[in-house]
Amino acid sequence: MNRKQIIVEKDRKLVNLLQDYGFSFADVNKMLRNKDVKVNGKATKENIQVFCGDSVLFFYSDEMLEKKFEIIFENDNVFIIYKSAGIESAGEKGLENLLKGSIAVHRLDRNTEGLMVFAKSKDIAEKLDNAFKKHSVHKYYLAEVVGKFQTKEKVFKAYLVKDSENSNVKIYQNKCQGAVEIETSVKILKAGEQTSLLQVELLTGKTHQIRAHLAYLGHAIIGDGKYGKNEINKKFQANRQKLACFKLKFDFIGIESLNFKEFKKMPNWYVE
């Protein structure tokens, strides 16, 4: 068993804290069940609130941190990987640290799984960054949402205000102070009475855009604990949000191995 001790930097729930270190929801609950987590020297089996300055000691096995990503494509310039939910894209606790020397040229939320591109050099990172800014790389997401989505295909426009203090965003129909315009393209793949499966393309890429915009439209993503409702997530027994970047499509971007290429991988929760 491995052990790690950390000092809490901000007040939060214990499960959320441990997920930030790359552990899945299931693994965190296993640690708690086995009393492998101690807060200020006292073992706990509950998802308690921890506070800034608290000491958290936890024990974990090697296999808990093994399957955090899958390499879909690799050459001398890039990695294209499929990121698992529960791990950050970048930073000390994220994939940049696992893919040594790589640079994440775009981000996925910690709890969002899907395809990502990592550059192996600053030169390639700059080319990819420019391609994303010019919308020469198209990101398509699968989202399973609550309720029967009514509009077959549409680009929805709204305004987003980021609330950094509460780590969330708010969506408004009309422009207001601090707002940026967002555009989210939505296409129905399957619509049922209780849930709908959507293909979503980000035409603007803002923090939590898909999650917040769909919730604003009345169709929160199943399993989303921030913008959805806990009672609905419990009804569908969803511990993870059903949102995945399942397809990347490249126009001409000046990188021979990626020009006009398409990469696709369906998430495990997807059912035909």
Side-chain angles (χ1 to χ4, degrees), residues 80 83 85 88-90 94 103-119 125-146 149-189 196-222 224 226-228 241-255 258 260-264 267:
I80 293 181
K83 181 184 90 72
E88 300 286 355
S89 301
I103 304 166
V105 292
H106 63 112
R107 300 286 191 270
L108 289 177
D109 294 340
R110 177 172 61 83
N111 289 326
T112 300
E113 61 184 290
L115 293 167
M116 290 188 65
V117 186
F118 287 80
E126 288 177 5
K127 287 184 178 180
L128 284 165
D129 186 52
N130 288 332
F132 275 97
K133 287 178 179 176
K134 293 177 180 178
H135 304 291
S136 298
V137 184
H138 307 276
K139 296 182 287 184
Y140 297 90
Y141 293 75
L142 279 181
E144 188 173 357
V145 300
V146 176
F149 207 88
Q150 299 295 330
T151 308
K152 186 175 181 180
E153 187 170 1
K154 182 179 178 180
V155 174
F156 292 92
K157 298 182 179 182
Y159 291 89
L160 178 149
V161 176
K162 188 174 181 180
D163 182 352
S164 299
E165 186 175 336
N166 293 306
S167 299
N168 64 14
V169 301
K170 294 181 180 178
I171 307 296
Y172 299 92
Q173 189 59 45
N174 299 309
K175 190 169 185 177
C176 55
Q177 185 176 1
V180 293
E181 187 174 20
I182 59 170
E183 293 185 351
T184 309
S185 176
V186 181
K187 179 181 179 181
I188 296 175
L189 300 180
S196 298
L197 185 68
L198 309 176
Q199 176 182 289
V200 182
E201 183 183 2
L202 275 178
L203 303 182
T204 56
K206 302 301 179 184
T207 302
H208 298 178
Q209 179 178 324
I210 295 176
R211 297 164 61 191
H213 203 172
L214 291 176
Y216 172 79
L217 294 171
H219 298 278
I221 294 169
I222 291 173
D224 189 343
K226 186 180 288 285
Y227 299 101
Q241 62 191 24
K242 293 193 174 182
L243 175 66
C245 181
F246 79 105
K247 183 167 65 174
L248 289 174
K249 188 176 180 181
F250 294 83
D251 295 336
F252 180 83
I253 63 170
I255 302 174
L258 296 180
F260 306 113
K261 291 294 197 314
E262 181 179 302
F263 300 89
K264 185 176 179 180

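- In this structure, Thr151 and Phe156 have side chains that are in contact, with non-hydrogen atoms separated by less than 4.5 Å.
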Exercise for the section: Just do the side-chain contact (heavy atoms from CB on, under 4.5 Å) check on Thr184 and Leu217 with the steps written out, would you? Expected result: CA-CA 11 Å; Thr184 309; Leu217 294 171; over 6 Å; no

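- With sequence neighbours excluded, the residues satisfying salt bridge (Lys or Arg N to Asp or Glu O under 4.0 Å) with Lys242 are Glu144.
- The CZ atom of Arg107 sits 9.5 Å away from the CD atom of Glu88 when rounded to the nearest 0.5 Å.
- Here the CG atom belonging to Leu258 is positioned 12.0 Å from the OG atom belonging to Ser136, to the nearest 0.5 angstrom.
- Side-chain contact check for Val200 versus Leu243: every heavy-atom pair is 4.5 Å or farther apart.
- Tyr172 meets the ring pair (Phe, Tyr, Trp, His ring centres under 6.0 Å) test with no other residue; sequence neighbours excluded.
- In this structure, Asp163 has no salt bridge (Lys or Arg N to Asp or Glu O under 4.0 Å) partners at least two apart in sequence or on a different chain.
- The closest side-chain donor-acceptor pair between His138 and Asp251 falls under 3.5 angstrom.
- Considering SG of Cys245 and CD of Glu113, their distance stands at 10.5 Å, rounded to 0.5 Å.
- The one candidate from Thr112, Leu202, Val186 that meets the side-chain contact (heavy atoms from CB on, under 4.5 Å) condition with Ile210 is Leu202.
- By the ring pair (Phe, Tyr, Trp, His ring centres under 6.0 Å) test, Phe246 is found to be paired with no residue, residues two or more places apart in sequence or in another chain being considered.
- The salt bridge (charged side-chain N to carboxylate O under 4.0 Å, His left out) contacts involving residues 174-186 comprise Lys157-Glu183, where partners must be two or more places apart or lie in separate chains.
- Qualifying ring pair (Phe, Tyr, Trp, His ring centres under 6.0 Å) partners for Phe263, counting only residues two or more places apart in sequence or in other chains: Phe73.
- Note that the CG atom of Leu115 and the NZ atom of Lys83 stand 11.5 Å from one another [nearest 0.5 Å].
- Asn130 contributes a side-chain N or O that, together with a main-chain N or O of Glu126, makes up a donor-acceptor pair within less than 3.5 Å.
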Practice task
Could you walk me through whether Ser196 and His219 pass side-chain contact (heavy atoms from CB on, under 4.5 Å), step by step?
Solution key: CA-CA 9 Å; Ser196 298; His219 298 278; 5.5 Å; no

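- Side-chain contact between Leu214 and Tyr227: absent, with no pair of heavy atoms (C-beta onward) separated by less than 4.5 Å.
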Problem - Tyr216/Val169 under side-chain contact (heavy atoms from CB on, under 4.5 Å): CA gap, chis, key distance, verdict - result: CA-CA 11 Å; Tyr216 172 79; Val169 301; over 6 Å; no

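- Of all heavy-atom pairs between Lys139 and Phe132, the closest is CD-CE2, 4.0 Å.
- Taking both residues in full, the closest heavy atoms of Leu160 and Lys206 are given as CD1-CB, 4.1 Å, listed atom of the first, atom of the second, then distance.
- Rounded to the nearest 0.5 angstrom, Leu248 CG and Met116 CE are separated by 9.5 Å.
- More than 12 heavy-atom neighbours from other residues, nucleotides or ligands sit within 6.0 angstrom of NZ on Lys261.
- Salt-bridge formation is detected for the pair Asp109/Arg211: a Lys NZ or Arg NE/NH1/NH2 atom is positioned less than 4.0 Å from an Asp or Glu carboxylate oxygen.
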